[in-house]
Amino acid sequence: HVVIVLDEQYRDLVAAHKKEHGDRLRFADPGTERQDSVSNGLAQIPEDVGIVAVHDSARPLVSREKVEEVIVDAAEHGAAVLGVPCKATIKESADGEFVTQTLDRSRLWEIQ
C-alpha cells in the first residue's frame, strides 16, 4: 500500500497511478505541521499492514536501495531510520546568544 499526503488540488497529477494501483494507493490531506501530515497519512494505512515507511518529499533523491535497507532493518529491529553523517558545524547555546560548545559532528547524523 502507498499513501500519498497531497493537497487535493494536486491529486490529478498522480491519477494514472491511482487507476493502475486502485485501493493500494490512497491519499491523505496535508496537515498544518509535518507531524499532522504524517498522522493523516498513517490514518489511511490498513490495519493489516505490518511495516510503515514515511518519506519526506523535501528529500526526493533517496535511492530505492536505501529505502529497502531501512525496511529490512525495521522488520528486524522494530523500527529504523535512514541517516547520513552530519556535514554542518553544530553549535550548542543555552540562551541563543552565546555558544557553549561545538558538538562533535562525527557522532551526529541527519535523519532523512
ask   = Can you tell if the side chain of F27 reaches within under 4.5 Å of the side chain of V14, non-hydrogen atoms only?
value = yes
message = Are V2 and V49 linked, directly or through intermediate hydrophobic residues, by side-chain heavy-atom contacts shorter than 4.5 Å (ILVMFWY only)?
response = no
inquiry  = Return the CD1 to NZ distance between I4 and K18, rounded to the nearest 0.5 Å.
reply    = 9.5 Å
inquiry  = Any side-chain to backbone donor/acceptor pair from S93 onto F98? Under 3.5 Å, distance only.
reply    = yes
ask   = Is the count of non-hydrogen atoms from other residues, nucleotides or ligands lying under 6.0 Å from E33 atom CD greater than 12?
value = no
task = Enter the distance from H1:NE2 to R26:CZ here, rounded to the nearest 0.5 Å.
result = 6.0 Å
inquiry  = Please give me the minimum heavy-atom distance between V3 and A28, naming the atom from each residue.
reply    = CG1-CB, 4.0 Å
inquiry  = Please determine whether the number of non-hydrogen atoms from other residues, nucleotides or ligands lying under 6.0 Å from atom NE2 of H55 exceeds 12.
reply    = yes
ask   = Linking I/L/V/M/F/W/Y whenever any side-chain heavy atoms sit under 4.5 Å apart, do Y10 and L25 land together?
value = yes
Residues, nucleotides or ligands: over 12 heavy atoms within 6.0 Å of Q9 CD = yes
request  = Decide yes or no on side-chain contact (heavy atoms from CB on, under 4.5 Å) for Q112 and D56, but give the supporting numbers first.
outcome  = CA-CA 8 Å; Q112 301 292 293; D56 180 351; over 6 Å; no
message = Just checking Q101: does its CD atom have more than 12 heavy atoms from other residues, nucleotides or ligands closer to it than 6.0 angstrom?
response = yes
query = Honestly curious: do I51 and V62 fall in one hydrophobic cluster under the side-chain, below-4.5 Å linking rule?
reply = yes
Enumerate, atom names and distances included, each donor-acceptor pair closer than 3.5 Å involving a side-chain atom of residues 38-45, sequence neighbours excluded.
{"from": "N40", "atom 1": "ND2", "to": "D29", "atom 2": "O", "distance (Å)": "2.8"}
{"from": "N40", "atom 1": "ND2", "to": "D36", "atom 2": "O", "distance (Å)": "3.4"}

R34, CZ atom: more than 12 neighbouring heavy atoms under 6.0 Å = no
query = Between atom CD1 of I71 and atom CD of E69, what is the distance when rounded to the nearest 0.5 Å?
reply = 11.0 Å
query = Under the 3.5 angstrom rule, does the side chain of T102 hit a backbone N or O of K91 as a donor-acceptor pair?
reply = no
query = Side chains of V67 and R64: does their closest heavy-atom pair fall under 4.5 Å?
reply = no
message = In this structure, would V70 and V81 fall into the same cluster of hydrophobic residues linked by side-chain contacts under 4.5 Å?
response = no
key: Separation between OG1 of T89 and CG of D104, rounded to the nearest 0.5 Å   = 11.0 Å
ask   = To the nearest 0.5 Å, what is the distance between CG (D7) and CZ (R11)?
value = 7.0 Å
request  = Would you give the length of the straight line joining atom CZ of R105 to atom SG of C86, rounded to the nearest 0.5 angstrom?
outcome  = 7.5 Å
